[in-house]
**Student:** 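The following block contains the structure, expressed as C-alpha cells.
Since the structure is predicted, the reported quantities are computational estimates derived from the model, not experimental observations.
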Amino acid sequence: MKRLTPGVLTEGPGEVADDARHWIIGHDASTLGGGSGSLVVDREAEGKKVLGLHFAGVPDRVNRAHGLEGATPEPAAVTPGW
C-alpha cells in the first residue's frame with residue numbers, strides 16, 4: 001500500500017538535539033509503524049527532490065529522517081572497499 005502524507009520540515013540539519021553529525025532532520029508528516037525507509041520529498045519541487053529517509057517517530061509528537069543534504073553520489077569515495 002502506498003500513502004502520501006503531507007507535512008513540513010520542523011528541524012533542519014544541525015537543529016536536532018544530540019545529533020553531532022548534523023544529518024538528522026525533523027518532519028511532521030503522519031507516519032505508521034513500518035514506515036522506516038520512506039522518502040521525505042520536497043513537493044514544491046514536484047516530488048523530484050528527496051530530502052531524507054524516514055527512520056523514527058513518536059505518534060503525534062516528532063518524526064525523524066536521515067537528511068540527504070550531505071550524501072554523496074559516489075559511495076566509493078567515502079566507503080573503503082566499495
**Student:** With clusters defined by side-chain heavy atoms of hydrophobic residues (ILVMFWY) lying less than 4.5 Å apart, directly or transitively, does Val41 cluster with Leu68?
**Tutor:** yes
**Student:** Does any part of the side chain of Val16, heavy atoms only, come nearer than 4.5 Å to the side chain of Arg64, both counted from C-beta?
**Tutor:** yes
**Student:** Run the numbers on Leu4 and Arg43 for side-chain contact (heavy atoms from CB on, under 4.5 Å), then give the verdict.
**Tutor:** CA-CA 11 Å; Leu4 173 67; Arg43 291 194 59 222; 4.2 Å; yes
**Student:** Going through the checks in order, is the ring pair (Phe, Tyr, Trp, His ring centres under 6.0 Å) test met by His54 and His66?
**Tutor:** CA-CA 6 Å; His54 174 76; His66 289 291; 9.9 Å; no
**Student:** Which atom pair, heavy atoms only, marks the closest approach of Ser36 to Phe55?
**Tutor:** OG-O, 3.3 Å
**Student:** For a quick check under 3.5 Å, do Asp28 and Thr10 share a side-chain donor-acceptor pair by atom type?
**Tutor:** no
**Student:** With the side chain counted from C-beta on, respond yes when Leu53 and Leu39 share a heavy-atom pair under 4.5 Å apart, and no when they do not.
**Tutor:** yes
**Student:** To the nearest 0.5 Å, how far apart are CD in Glu15 and CD1 in Ile25?
**Tutor:** 10.5 Å
**Student:** Is there a donor-acceptor pair closer than 3.5 Å between any side-chain N or O of Thr5 and the backbone N or O of Thr31?
**Tutor:** no
